Amino acid sequence: MPKSATSPKSFEAAIAELEAIVQEMESGNLPLEDSLARYQRGVSLLRYCQGTLSEAEQRVRILEGDTLVDFAAEGFRSDTNEAGE
């Protein structure tokens, strides 16, 4: 996704900033204009994150031959140890 002057450095940076905005807004201590500005920035960050995730999904689809595979269906379990238990 193209980055503008106000785009975050990365997906992770966008998530961190979005979480900070949510905390600020939930505090209830922001004036109305600041709340609106934070909300607008939050929407922008959300769209950035959605676009980034969409691009990642598309890349996975290409790598998987347009077939997303459920890890559980493939026998993949994140809680298995090296012995396969």
Side-chain angles (χ1 to χ4, degrees):
M1 171 165 249
K3 294 184 178 184
S4 69
T6 60
S7 290
K9 294 178 186 178
S10 66
F11 176 81
E12 293 77 12
I15 292 293
E17 186 178 348
L18 192 53
E19 288 174 347
I21 288 171
V22 168
Q23 288 178 349
E24 282 182 306
M25 292 183 71
E26 285 180 343
S27 75
N29 296 327
L30 292 174
L32 179 60
E33 285 301 315
D34 289 346
S35 292
L36 290 171
R38 300 291 196 298
Y39 181 83
Q40 185 174 359
R41 176 65 176 161
V43 168
S44 174
L45 290 167
L46 180 60
R47 289 181 180 151
Y48 172 86
C49 289
Q50 288 172 331
T52 302
L53 288 174
S54 179
E55 288 174 9
E57 181 180 6
Q58 182 60 32
R59 290 175 68 187
V60 169
R61 284 184 186 276
I62 290 169
L63 292 170
E64 294 294 329
D66 203 29
T67 307
L68 287 179
V69 178
D70 182 7
F71 285 131
E74 292 296 312
F76 177 81
R77 288 183 41 194
S78 62
D79 61 343
T80 60
N81 63 24
E82 290 181 26
E85 296 177 41

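Not measured: the values here are computed from a predicted model.
Note that the CG atom of Leu46 and the CZ atom of Arg41 stand 12.0 Å from one another [nearest 0.5 Å].
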Could you pull out every donor-acceptor pair under 3.5 Å between side chains of residues 21-30 and any protein atom, sequence neighbours left out?
unit_1: Glu24; atom_1: OE1; unit_2: Arg38; atom_2: NE; d: 2.9
unit_1: Glu24; atom_1: OE2; unit_2: Arg38; atom_2: NH2; d: 3.3
unit_1: Ser27; atom_1: OG; unit_2: Glu24; atom_2: O; d: 2.6
unit_1: Ser27; atom_1: OG; unit_2: Asn29; atom_2: N; d: 3.3

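In this structure, Phe11 shares a hydrophobic cluster with Ile15, Leu53, the cluster being traced through Ile, Leu, Val, Met, Phe, Trp and Tyr side chains under 4.5 angstrom apart. Apart from Leu32 itself, the hydrophobic cluster it occupies contains Leu36, where clustering links Ile, Leu, Val, Met, Phe, Trp and Tyr at side-chain heavy-atom distances under 4.5 Å.
Within the 3.5 Å criterion, the main-chain N or O of Gln50 finds no donor-acceptor partner in the side chain of Ser54.
With respect to Arg61 and Glu57, a salt bridge is recorded, a charged nitrogen being found less than 4.0 Å from a carboxylate O.
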